[in-house]
Amino acid sequence: MKLKEIYNPKHVYDGFFETYFIRPFFHHYADFRSPESAASCLRSILAWIIVSLGITGIMMGQVGLLGPETGFTALAVVAIAWGAFSLLPIIALVARTANGAPEKPLRPRMLGVDTLLGISCLLFFLLGLLMMTTTLNSGVLDPNAGMTDDPDTTVIEEQYIKEEPIFTYQDETPELKEQTPDTLGDMTEPDLVTSEESFDPTLVPDDEITDDPVSDSI
């Protein structure tokens with residue numbers, strides 16, 4: 001085997017994604033008559049899946065950055081647009097495969113740009129999935145995180161603070177003190193007070209009262 005058969009700098013090699021993605025989905029967008037081999041059709045579907053994973057990963061990352069409401073809306077719009085764009089080329093690819101294999105099979109090479117594109121699409125998908133999962137499980141951007149449809153099983157986080165007394169004479173559980181009954185408020189019994197305790201000046205103290213009546217000097 002000669003070296004030029006492996007790599008010839010004067011020859012321009014076709015890359016994997018250029019042959020199996022750009023040509024079928026852009027150059028032969030609505031070509032239903034050209035022949036196509038089954039192996040070429042499967043490689044084109046594989047290239048489309050890899051690119052789709054990259055686009056999906058980017059949109060899932062938008063869910064993580066913009067929040068669930070805006071992110072899922074953008075994801076749905078892009079998914080519908082991408083599906084509408086890919087429908088006709090895939091049907092044309094299957095129709096070309098039914099026409100038979102071409103006389104000269106394609107022999108593209110996996111170039112460095114193809115490897116970089118494939119790895120980037122897979123990384124975008126994994127990173128976007130991680131960002132979306134983190135946002136949906138977080139209560140910062142998603143206020144419904146941790147909530148369920150059943151109101152009885154709603155998860156509510158509460159902080160309980162135990163108040164402790166500042167001074168030593170404050171009791172945590174004060175006991176009820178016995179109150180002295182108010183005898184003045186009881187109107188059923190008369191107030192029994194001595195003449196010394198009374199403020200009435202007409203009353204004579206008990207020690208000054210004599211048994212003998214006072215004689216009239218007149």
For this session: Start with the C-alpha distance between L46 and Y20, add both sets of side-chain angles, then the distance that settles side-chain contact (heavy atoms from CB on, under 4.5 Å), and finish with yes or no.
Result: CA-CA 9 Å; L46 177 62; Y20 296 116; over 6 Å; no
Using 0.5 Å steps for rounding, measure from the [atom1] atom of [X] to the [atom2] atom of [Y].
X    : Y    : atom1 : atom2 : answer
L53  : L123 : CG    : CG    : 11.5 Å
T133 : M60  : OG1   : CE    : 7.5 Å
H27  : I22  : NE2   : CD1   : 6.5 Å
S40  : I45  : OG    : CD1   : 10.0 Å
L117 : I50  : CG    : CD1   : 8.0 Å
S37  : N99  : OG    : CG    : 12.0 Å

For this session: If a pair satisfies salt bridge (charged side-chain N to carboxylate O under 4.0 Å, His left out) and one of its residues is in residues 86-102, list it, with sequence neighbours excluded.
Result: E36-R96
For residues [X] and [Y], report the shortest heavy-atom separation together with the two atoms involved.
X    : Y    : result
F16  : A47  : CE2-CB, 4.0 Å
L66  : G71  : CB-N, 4.4 Å
S120 : L116 : OG-O, 2.7 Å
P108 : G15  : CB-O, 3.7 Å
F25  : P89  : CD2-CB, 3.4 Å

For this session: For F85, check ring pair (Phe, Tyr, Trp, His ring centres under 6.0 Å) against everything at least two apart and list the hits.
Result: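 Scan of F85 (ring pair (Phe, Tyr, Trp, His ring centres under 6.0 Å), adjacent residues dropped) gives F26, Y29, W82.
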Problem set entry | F72: partners by ring pair (Phe, Tyr, Trp, His ring centres under 6.0 Å), with sequence neighbours left out | none
Do [X] and [Y] belong to the same hydrophobic cluster, where Ile, Leu, Val, Met, Phe, Trp and Tyr are linked whenever their side-chain heavy atoms lie under 4.5 Å apart, directly or via other members?
X    : Y   : value
L87  : I80 : no
L42  : I90 : no
F124 : M59 : no
I58  : V51 : no

Problem set entry | R23: salt bridge (Lys or Arg N to Asp or Glu O under 4.0 Å) partners, not counting sequence neighbours |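 For R23 the salt bridge (Lys or Arg N to Asp or Glu O under 4.0 Å) partners, ignoring immediate neighbours, are D14.
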Exercise. Can you list the residues that meet the side-chain contact (heavy atoms from CB on, under 4.5 Å) rule with A30, with sequence neighbours excluded?
Worked result: F32, L88
Exercise. Who pairs with T115 by side-chain contact (heavy atoms from CB on, under 4.5 Å), at least two apart in sequence or on another chain?
Worked result: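 Only M110, I119 meet the side-chain contact (heavy atoms from CB on, under 4.5 Å) criterion with T115.
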Measure from the side-chain N and O atoms of [X] to the backbone N and O of [Y], and report whether any donor-acceptor pair falls under 3.5 Å.
X    : Y    : result
D31  : R33  : yes
D114 : L111 : yes
T135 : G64  : yes
T97  : A38  : no

Exercise. Is the F17-F21 ring centre distance short of 6.0 angstrom?
Worked result: no
